[in-house]
Q: 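Got a structure for you, questions after.
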Amino acid sequence: MVGQSRKWMILVATTWIQAFTGTNFDFSSYSSTLKSVLGISQVQLNYLSVASDMGKVFGWCSGVSLMYFPLWVVMFMAAFFGLFGYGVQWLVIKQIITLPYFPVFLLCLVAGCSICWFNTVCFVLCIRNFPTNRALALSLTISFNGVTAALYTLIANAINHDDDTLYLFLNALVPLLASILALVPILRQPPLQLLSTDVVSQDSFIFIVLNVLAVITGLYLLLLNSLSSEALRARILLVGALMLLLLPLCLPGIVCGRNWARRTIHSRFCLDVSNFRLVDPDDLELHKELIGNNQNNGSSVNPFYETNKEGFFGKVMEKGRLTMLGEEHSARLLVRRWDFWLYYVAYFCGGTIGLVYSNNIGQIAQSLGYYSQISTVVTLYSSFSFFGRLLSAAPDFLRDKVYYARTGWLAVALVPTPIAFFLLAASGSEAALHAGTAMIGLSSGFVFSAAVSITSELFGPNSASVNHNILITNIPIGSLLYGLLAALVYDSNVKSSMQENSLEEAMVCMGRDCYLQTFICWGCISMLGLISSFLLFLRTRPAYDDYERNRSPAQFS
């Protein structure tokens with residue numbers, strides 16, 4: 001029982017880390033001030049946001065470090081990367097020190113590494129302590145990464161609503177404090193142990209409780225954040241948010257109390273949560289058996305899939321398609337798969353473009369004349385990204401009731417993105433800005449959280465750590481290309497007004513034309529991502545259906 005309580009403490013500590021280390025989401029809150037202090041163009045500002053995303057390219061360093069250092073050491077290394085990267089930027093933006101452009105670029109890169117290292121620590125904690133419900137633990141904890149901007153907005157408003165430089169100070173200090181808070185649970189990790197059926201069922205019940213609390217936390221931050229403009233109200237709301245984050249500490253008591261109730265109270269109104277188990281032991285055995293049979297046959301093509309497709313499209317859809325889930329793919333084999341490149345394009349044109357949009361929210365709101373609304377719009381994106389990440393667990397909760405291929409859920413999740421961009425292109429109203437931001441946040445949040453599970457299902461769970469790092473190389477590439485497109489359009493509209501404004505004012509573009517062409521281009525690109533995800537769904541659906549057909553008889557045998 002003590003070990004079970006400790007593992008839930010680990011999960012709570014992981015949510016704290018994620019909730020306070022998603023510092024890339026609030027870049028737009030201080031980007032305009034940073035641009036003004038450095039006296040740089042929009043293109044140069046875009047390179048700074050790219051530098052932060054380039055930290056993901058060096059994510060493998062955190063995995064290597066875990067081979068030589070304890071987990072808590074790697075966590076504090078991540079915290080000190082952030083303390084240095086963001087802390088020195090704060091000194092620059094406060095004009096306490098002066099640095100040229102290139103050192104600031106390197107500081108953004110170091111800060112981006114901090115975010116990636118924190119994510120690695122959280123992934124390892126979930127995988128080690130929740131081997132059975134790994135995907136549920138990952139989706140729950142990753143979702144809290146989306147509330148960072150909302151929490152930082154509350155903290156900044158509680159201190160000084162008019163000081164945009166506070167975000168950099170919070171980015172530097174708060175993750176270190178969160179790491180200190182999470183240190184004790186991490187040091188007292190329980191030993192690995194086999195879980196009984198009752199324990200797995202109990203875990204599923206607690207995950208339901210945690211997801212309900214997460215939804216309440218997200219709604220709290222989304223609906224009440226707009227009331228935090230005054231310092232006193234912001235402090236009251238901040239206390240409420242922190243209490244919601246501390247509430248899961250009661251989980252050990254819930255575990256003990258529920259076990260006591262089950263032993264002492266006999267009721268026919270017992271909640272059956274066994275259907276919510278993410279991984280059934282029978283599933284694992286079936287999975288191994290299917291892969292073993294496939295390897296023994298010496299062929300990668302199952303007779304079930306040898307259908308007589310006519311026409312060019314049918315032949316293309318059949319060529320080289322995945323025939324079963326969970327088959328391990330080396331990096332060399334991965335890059336030869338059409339399914340991988342369809343998946344890559346879907347992520348590149350769907351999820352990554354949403355991240356680039358979030359980096360430009362500050363300039364978008366300012367150009368449309370809503371400068372005072374920047375923190376509100378950033379919070380809106382952050383909150384809906386949080387809900388999108390939570391929704392990525394829907395396939396696992398609904399698995400025994402409404403089964404649908406996870407790649408199909410991915411395609412559905414990408415639908416709001418092109419709609420949002422075309423809405424933003426059609427209207428520059430405040431309502432359109434809020435609605436478009438919410439849809440893009442919801443869509444991209446789902447993609448970020450679901451990607452780990454999709455990668456492991458399509459290309460093998462044991463190879464997921466390497467293969468997923470190959471997949472997310474699209475993030476810095478997309479950040480560079482999409483951001484550069486937006487910056488070039490922005491700066492071209494600035495130059496048209498240079499004769500009427502001073503040099504300082506010419507650095508700021510005002511009007512719908514600043515991003516109109518960008519929204520149209522981004523909308524077309526996201527349509528390409530949607531088409532790619534739909535083709536991926538069509539190619540992988542037989543593998544998902546075949547796995548589910550073999551799984552269902554195994555459950556009842």
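Note that the numbering runs from 1 along the sequence shown for the chain.
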Q: Drop me the distance from Ser139's OG to Asn211's CG, to the nearest 0.5 angstrom.
A: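 If we round to the nearest 0.5 Å, Ser139:OG and Asn211:CG are 6.5 Å apart.
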Q: Let me check something: any side-chain donor-acceptor pairs from residues 233-250 under 3.5 Å, sequence neighbours excluded? List them with distances.
A:
from   : atom 1 : to     : atom 2 : distance (Å)
Arg233 : NE     : Leu227 : O      : 3.4
Arg233 : NH2    : Glu230 : OE2    : 3.4
Arg235 : NE     : Ala158 : O      : 3.0
Arg235 : NH2    : Ala158 : O      : 3.2

Q: Determine whether Val377 and Tyr370 satisfy the following criterion, side-chain contact (heavy atoms from CB on, under 4.5 Å), listing intermediate values before the conclusion.
A: CA-CA 9 Å; Val377 180; Tyr370 306 119; over 6 Å; no
Q: How close do Ser52 and Ile115 get, counting heavy atoms only, and between which atoms?
A: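 Smallest heavy-atom distance, with atoms named: OG-CD1, 4.4 Å.
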Q: Between Ile520 and Ala425, what is the shortest heavy-atom contact and its length?
A: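 Result for this residue pair: CG1-CB, 3.9 Å.
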Q: Check whether any side-chain N or O of Arg389 sits under 3.5 Å from a backbone N or O of Thr141 as a donor-acceptor pair, and report yes or no.
A: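 Here the side-chain-to-backbone pair does not exist.
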Q: Restricting to non-hydrogen atoms, name the atom on Leu183 and the atom on Trp72 that form the minimum distance, rounded to 0.1 Å.
A: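 Smallest interatomic distance, heavy atoms only, reads CD1-CB, 3.8 Å.
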Q: Does either side chain, that of Tyr152 or that of Thr23, offer a donor lying less than 3.5 Å from an acceptor on the other one?
A: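 There is no such pair between these side chains.
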Q: Start with the C-alpha gap between Trp117 and Phe76, add the side-chain angles, then the distance that decides, and say whether ring-ring contact (aromatic ring centres under 6.0 Å, His included) holds.
A: CA-CA 10 Å; Trp117 282 47; Phe76 277 102; over 10 Å; no
Q: Looking at Cys116, is its backbone amide N or carbonyl O close enough to the side chain of Thr120 to form a donor-acceptor pair, meaning the two atoms are under 3.5 Å apart?
A: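 Confirmed, Thr120 side chain pairs with Cys116 backbone.
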Q: With a cut-off of 3.5 Å and sequence neighbours excluded, list every side-chain donor-acceptor pair involving residues 440-448.
A:
from   : atom 1 : to     : atom 2 : distance (Å)
Ser443 : OG     : Ala413 : O      : 2.5
Ser443 : OG     : Thr417 : OG1    : 2.8
Ser444 : OG     : Tyr381 : OH     : 3.0
Ser444 : OG     : Ile440 : O      : 2.8
Ser444 : OG     : Gly441 : O      : 3.4

Q: Please check this pair: side chain of Arg406 against backbone of Ile454, looking for a donor-acceptor N/O pair closer than 3.5 Å.
A: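 Absent.
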Q: If you take all heavy atoms of Leu530 and Pro418, which pair is closest and at what distance?
A: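 Residues Leu530 and Pro418, closest heavy atoms: CD2-CG, 4.4 Å.
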Q: Taking all non-hydrogen atoms of both residues into account, name the closest pair between Gly478 and Val356 and its distance.
A: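 Between these two residues, the closest heavy atoms are O-CG2, 3.8 Å.
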Q: Return the SG to CG distance between Cys108 and Leu48, rounded to the nearest 0.5 Å.
A: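 Taking SG in Cys108 and CG in Leu48, the distance rounds to 4.5 Å.
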Q: Would you give the length of the straight line joining atom CD1 of Ile93 to atom NZ of Lys35, rounded to the nearest 0.5 angstrom?
A: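 If we round to the nearest 0.5 Å, Ile93:CD1 and Lys35:NZ are 13.5 Å apart.
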Q: State which residue, out of Tyr30, Tyr86, Trp90, fulfils the ring pair (Phe, Tyr, Trp, His ring centres under 6.0 Å) condition with Phe169.
A: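 Considering Tyr30, Tyr86, Trp90, a ring pair (Phe, Tyr, Trp, His ring centres under 6.0 Å) with Phe169 is found only for Trp90.
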Q: Establish, from distance only, whether the side-chain atoms of Tyr344 and Ser532 form a donor-acceptor pair under 3.5 Å.
A: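 Note: Tyr344 and Ser532 side chains miss the donor-acceptor criterion.
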Q: Would you say the side chain of Phe130 lies within less than 4.5 Å of the side chain of Leu136, judging by non-hydrogen atoms?
A: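 No, too far: nothing below the 4.5 Å cut-off.
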Q: Kindly give the heavy-atom pair with the smallest separation between Ala137 and Leu11, and that separation in Å.
A: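 Taking Ala137 first and Leu11 second, the nearest heavy atoms are CB-CD1, 4.1 Å.
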Q: Side chains of Leu423 and Phe519, heavy atoms from C-beta outward: is any pair under 4.5 Å?
A: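 The answer is no; the side chains never approach within 4.5 Å.
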Q: Strictly by modelled atom types, are Thr540 and Thr407 linked by a side-chain donor-acceptor pair under 3.5 Å?
A: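 Looking only at side-chain atoms, Thr407 and Thr540 do form a donor-acceptor pair, the distance falling under 3.5 Å.
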Q: Got a second to check how far Leu355's CG is from Ile475's CD1, nearest 0.5 Å?
A: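 The distance works out to 6.5 Å.
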Q: Would you say Phe384 and Leu222 make side-chain contact, with heavy atoms under 4.5 Å?
A: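 Yes, their side chains come closer than 4.5 Å.
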Q: Does any non-hydrogen side-chain atom of Ile531 lie less than 4.5 Å from one of Val345?
A: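 No - every pair of side-chain heavy atoms lies 4.5 Å or more apart.
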Q: One pair to check against side-chain contact (heavy atoms from CB on, under 4.5 Å): Leu71 and Leu125. What are the steps and the verdict?
A: CA-CA 9 Å; Leu71 195 65; Leu125 285 171; 3.1 Å; yes
Q: What's the separation between atom CG in Asn474 and atom OH in Tyr343, rounded to the nearest 0.5 Å?
A: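 Reported to 0.5 Å precision, the distance equals 9.5 Å.
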Q: How many angstroms lie between CZ in Phe144 and CZ in Phe386, if you round to the nearest 0.5 Å?
A: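 It comes to 4.5 Å.
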Q: Could you please spell out the steps behind the side-chain contact (heavy atoms from CB on, under 4.5 Å) verdict for Phe20 and Leu177?
A: CA-CA 9 Å; Phe20 291 106; Leu177 297 178; over 6 Å; no
Q: Go through the steps for Ser32 and Gln363 under the test side-chain contact (heavy atoms from CB on, under 4.5 Å), then give the verdict.
A: CA-CA 7 Å; Ser32 296; Gln363 279 67 49; 3.0 Å; yes
Q: Donor-acceptor pair, distance only, cut-off 3.5 Å: does the side chain of Thr148 make one with the backbone of Gly22?
A: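 Side chain of Thr148 to backbone of Gly22, a donor-acceptor pair under 3.5 Å: yes, one is there.
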Q: Does any non-hydrogen side-chain atom of Phe421 lie less than 4.5 Å from one of Tyr515?
A: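 In short, these two side chains do not touch, never coming nearer than 4.5 Å.
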Q: Verify, without hydrogens or angle tests, whether Asn46 (side chain) and Gln42 (backbone) share a donor-acceptor contact under 3.5 angstrom.
A: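 No.
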Q: For the residue pair Leu380 and Thr376, establish whether any side-chain heavy-atom pair is separated by less than 4.5 Å.
A: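 When only atoms from C-beta onward are counted, Thr376 and Leu380 do not touch, as no gap falls below 4.5 Å.
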Q: Taking the side chain as everything from C-beta on, heavy atoms only, tell me whether Leu485 gets closer than 4.5 Å to Trp522.
A: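 They are in side-chain contact.
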Q: Does any non-hydrogen side-chain atom of Leu516 lie less than 4.5 Å from one of Leu424?
A: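 No; the side chains remain at least 4.5 Å from each other.
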